[in-house]
Amino acid sequence: MIRTKPLQPAFKSKPNFITHSFLLHHLSFSQASLHSNSFPNRSKYEKVNNLDDAFNLFDEMTQRQPLPSVFKFNQLLTAVTKMKHFSSSLYLFKQMCVNRLPIDACSMSIAIKCCCRLHRTNDGFAVLGSCFRRAIVPNVFIYSTLLDGLVIEDRIVEAERLFKKIIKHKLCEPDVVTFSTMIKGLCKFGNNDIAIGLLRLMDERGCKPCVVAYNTIIDSLCKDKMIDDAFKLFKEMVFDKHILPTVITYNSLICGLCKLGRWDEASKMLKEMEDVRISPDLVTFNILIDAYSKEGMVDEAEAVVKIMVERGECPDLVTYNSLIDGYCLRGEMTKARSLFDSLTSRGLNPNVITYSSLLNGYCKSLKIEEAMLVFHEITRKRLKPDVVTYNNMIQGLLRAGRCGAARKLFDEMRAQGQIPNQCTYGIILDGLCNNQQVEEAVSLFHLAGDSKLSSNIVVYNILIDGASKCGKIDIARALFHDLTIKGLQPNVRTYTVMIGALCGEGLLDEAKHLFLKMDKSGCLPDNVTYRVLLQGCLKNQKYNDVEMLLQDMDGRGYSLDATTLSLLIDHVATGSVDRSMLKLIGRLVPKELMDTPS
DNA sequence: CTAGGGTTAG
């Protein structure tokens with residue numbers, strides 16, 4: 001399976017004051033990075049920095065007598081390709097072909113790269129065919145580029161086939177780039193172990209793994225939240241293989257740590273990279289800004305922006321998109337809007353991500369009309385709403401109770417060629433349930449006929465929760481039964497939602513039974529499970545298990561949230577829960593709740 | 001001499 005973002009975020013801890021003040025302090029006082037943007041030895045063929053110049057130079061070159069060398073043409077193609085004008089580069093290449101201008105393997109590999117980056121890898125293979133017709137022997141550059149094209153298009157089976165063919169038929173000698181590309185493909189499909197195996201294999205074949213090969217796997221492990229494995233590989237790279245990490249290595253690790261809420265370690269890595277004289281770059285700062293924004297700590301995020309500017313880095317669209325999203329998450333739509341409006345004066349054009357963030361912010365703030373305006377603005381700016389945009393808008397409409405409009409947009413999205421993903425269905429099912437339409441939700445779920453959807457435990461969690469919220473405990477039970485029949489494994493959330501549903505109906509014995517069952521089936525109840533069951537006990541005046549639950553929580557290092565705590569205190573006050581439990585309760589109160597007087 | 005691989009945003 002290709003890696004996708006989870007439908008539900010992982011539990012994270014907030015950065016404490018010490019960590020982030022250290023982090024900011026540390027960054028602002030370390031030495032500024034050096035910049036060198038001068039390229040004194042570039043010829044005019046690689047110096048072109050806009051398309052017009054490139055085309056003019058090309059025309060002039062084609063008329064020269066004698067013709068410039070293939071080397072000069074390749075330099076020009078490279079320059080255009082570096083500007084990411086892949087179509088133009090391909091156009092020039094085609095002109096070279098039809099006009100019998102000089103072409104070699106290098107020109108071919110540039111053309112193939114352009115095809116691949118345009119998601120036209122098949123055309124890349126057509127260029128490979130033309131190599132044979134022109135008696136140009138395809139080399140390792142050409143095959144590695146084609147391999148990358150297949151990986152870019154998620155054609156992993158074909159990528160593996162090509163890779164094996166290269167080795168078996170000795171099409172070329174695979175080098176460190178060929179291996180790294182295959183490793184990237186494996187990682188993209190979650191095969192980290194096989195990727196590590198390939199890392200070992202290349203070493204055995206006498207092709208020494210380099211920092212890129214390691215980075216690829218380290219980053220993939222970080223994205224899969226296997227950060228400890230990532231560090232294992234990092235240490236192996238540095239200490240056993242004596243390969244120096246780069247800023248990209250650190251960026252991946254810091255990003256992974258931030259996303260897991262491991263702020264103190266992220267801060268430690270920042271310090272470490274400065275120690276080894278690697279300056280944080282634009283991406284490093286963007287990672288920190290995004291992490292702070294997602295924690296709702298926009299002030300700290302803005303502080304990082306200030307520091308990066310002081311250090312000579314120019315905030316880009318990624319920077320501002322993170323900030324805008326941060327303000328949206330806090331519901332500070334005025335700030336989000338003014339930041340959005342300031343983009344053009346900063347020379348930045350909002351993209352579909354910017355618009356979707358803003359739209360989502362308005363939806364979450366229940367300003368559905370504003371959200372619709374933003375939605376229409378997207379097409380007016382000749383951008384295309386994508387799946388995420390539609391998902392956000394549909395969610396907003398459902399929240400506003402406008403089921404009909406949501407339905408219409410769902411149809412429109414498919415008409416526009418945007419394929420609904422699992423997230424879309426999750427949003428719609430949840431929305432229908434919240435609009436008292438569980439039956440519709442369940443039938444849509446069965447109607448969707450998507451095998452991945454019907455085996456998605458998160459979707460079951462949504463439906464069970466929704467059924468319970470609508471007071472349809474029978475439907476909730478049936479769904480829970482249905483998933484076990486299918487051989488699906490309920491997760492903590494499934495159990496918790498079901499236990500909550502049973503508690504809500506006063507079915508405490510059944511809830512307790514399920515609670516014991518989950519533990520037995522190896523699914524450990526989490527913090528939330530305990531809180532839900534505890535609330536169920538209290539609300540239904542079943543006090544027998546309260547002390548045992550509290551003791552369990554203490555033993556597991558769990559804590560109480562504000563709601564459960566105040567409910568408990570109420571019951572102690574009325575005498576239904578014994579005062580002797582106060583000491584135990586006190587131990588379960590997290591520091592944050594102690595500090596904030598409410 | 002020119003060509004291929006690794007990091008950040010909804």
Side-chain angles (χ1 to χ4, degrees), chain A residues 5 41-43 45-46 69-79 81-82 89 102 104-114 116-117 124 139-149 151-152 172 174-185 187 209-220 222-223 245-256 258-259 280-291 293-294 315-326 328-329 350-361 363 385-392 423:
Chain A
K5 287 203 173 166
N41 294 323
R42 292 198 311 171
S43 78
Y45 304 96
E46 41 188 330
S69 66
V70 63
F71 171 70
K72 299 272 189 270
F73 280 102
N74 288 344
Q75 278 190 319
L76 183 61
L77 283 184
T78 306
T81 308
K82 286 228 164 79
S89 183
D104 65 1
C106 180
S107 339
M108 292 289 188
S109 78
I110 297 171
I112 291 171
K113 176 182 169 160
C114 291
C116 292
R117 299 295 283 264
N139 59 18
V140 64
F141 286 85
I142 287 174
Y143 284 114
S144 300
T145 310
L146 285 167
L147 188 66
D148 193 44
V151 171
I152 287 173
C172 65
D175 67 5
V176 61
V177 178
T178 325
F179 277 104
S180 300
T181 306
M182 193 62 242
I183 285 173
K184 179 178 74 171
C187 288
C210 61
V211 64
V212 176
Y214 272 98
N215 280 355
T216 308
I217 306 178
I218 287 172
D219 184 67
S220 176
C222 287
K223 288 203 166 65
T246 66
V247 65
I248 297 180
T249 324
Y250 280 99
N251 285 347
S252 288
L253 289 168
I254 290 170
C255 184
C258 286
K259 290 221 157 91
D281 64 0
L282 174 66
V283 175
T284 322
F285 288 116
N286 281 346
I287 289 166
L288 297 174
I289 290 161
D290 188 61
S293 296
K294 285 207 169 55
D316 64 357
L317 191 59
V318 178
T319 319
Y320 288 107
N321 278 349
S322 291
L323 281 175
I324 290 171
D325 201 53
C328 286
L329 289 174
N351 62 11
V352 66
I353 298 181
T354 327
Y355 282 105
S356 298
S357 270
L358 195 65
L359 180 153
N360 193 38
C363 286
D386 63 13
V387 184
V388 182
T389 323
Y390 280 107
N391 286 353
N392 288 341
C423 212

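Chain A is the first sequence line, chain B the second, and so forth, proteins listed ahead of strands; every chain is numbered from 1.
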Which residues share a side-chain hydrogen bond (donor to acceptor under 3.5 Å, both in side chains) with A/Asn74, sequence neighbours left out: A/Asp104, A/Ser107
Could you please name the option among B/dT7, B/dG10, B/dG5 that lies closest to any side-chain atom of A/Ser357? B/dG10
Which part of the nucleic acid, if any, lies within contact of A/Thr145, taking any heavy atom under 4.0 Å across all strands shown: a base, the sugar-phosphate backbone alone, or nothing? sugar-phosphate
Within the structure shown, what part of the strands sits under 4.0 Å from A/Thr178 by heavy-atom distance: base, sugar-phosphate, or nothing? base
Report the residues that fulfil side-chain hydrogen bond (donor to acceptor under 3.5 Å, both in side chains) with A/Asp219, sequence neighbours left out, ordered by chain and then residue number. A/Lys223, A/Ser252
Of B/dA3, B/dT8, B/dT7, the nucleotide closest to the side chain of A/Asn251 is B/dT7
Would you call A/Asp148-A/Lys113 a salt bridge at under 4.0 Å N-O? no
Just N and O in the side chain of A/Lys82: are any of them under 4.0 Å from OP1 or OP2 of B/dA3? yes
Of the listed B/dT2, B/dA3, B/dT7, the closest approach to the A/Lys223 side chain comes from B/dT7
For A/Val352, answer base if it contacts any base atom (sugar-phosphate contacts may also be present), sugar-phosphate if it contacts only those atoms, and nothing otherwise; contact means non-hydrogen atoms under 4.0 Å. base
Base, sugar-phosphate or nothing for A/Asp386? Non-hydrogen atoms, less than 4.0 Å. base
Can you say whether a donor on the side chain of A/Ser322 sits under 3.5 Å from an acceptor on the base of B/dA9, or the other way round? no
Is there aromatic stacking of A/Phe141 against B/dA3, centre distance under 5.5 Å, plane angle under 30°? yes
Tell me if the side-chain of A/Asn351 makes a donor-acceptor pair with the base of B/dA9, cut-off 3.5 Å, by modelled atom types. yes
Applying a 4.0 Å non-hydrogen cut-off, can you work out what A/Val70 is touching in the nucleic acid: base, sugar-phosphate, or nothing? nothing
Quick one: which of B/dT8, B/dA9, B/dT2 gets closest to the side chain of A/Thr78? B/dT2
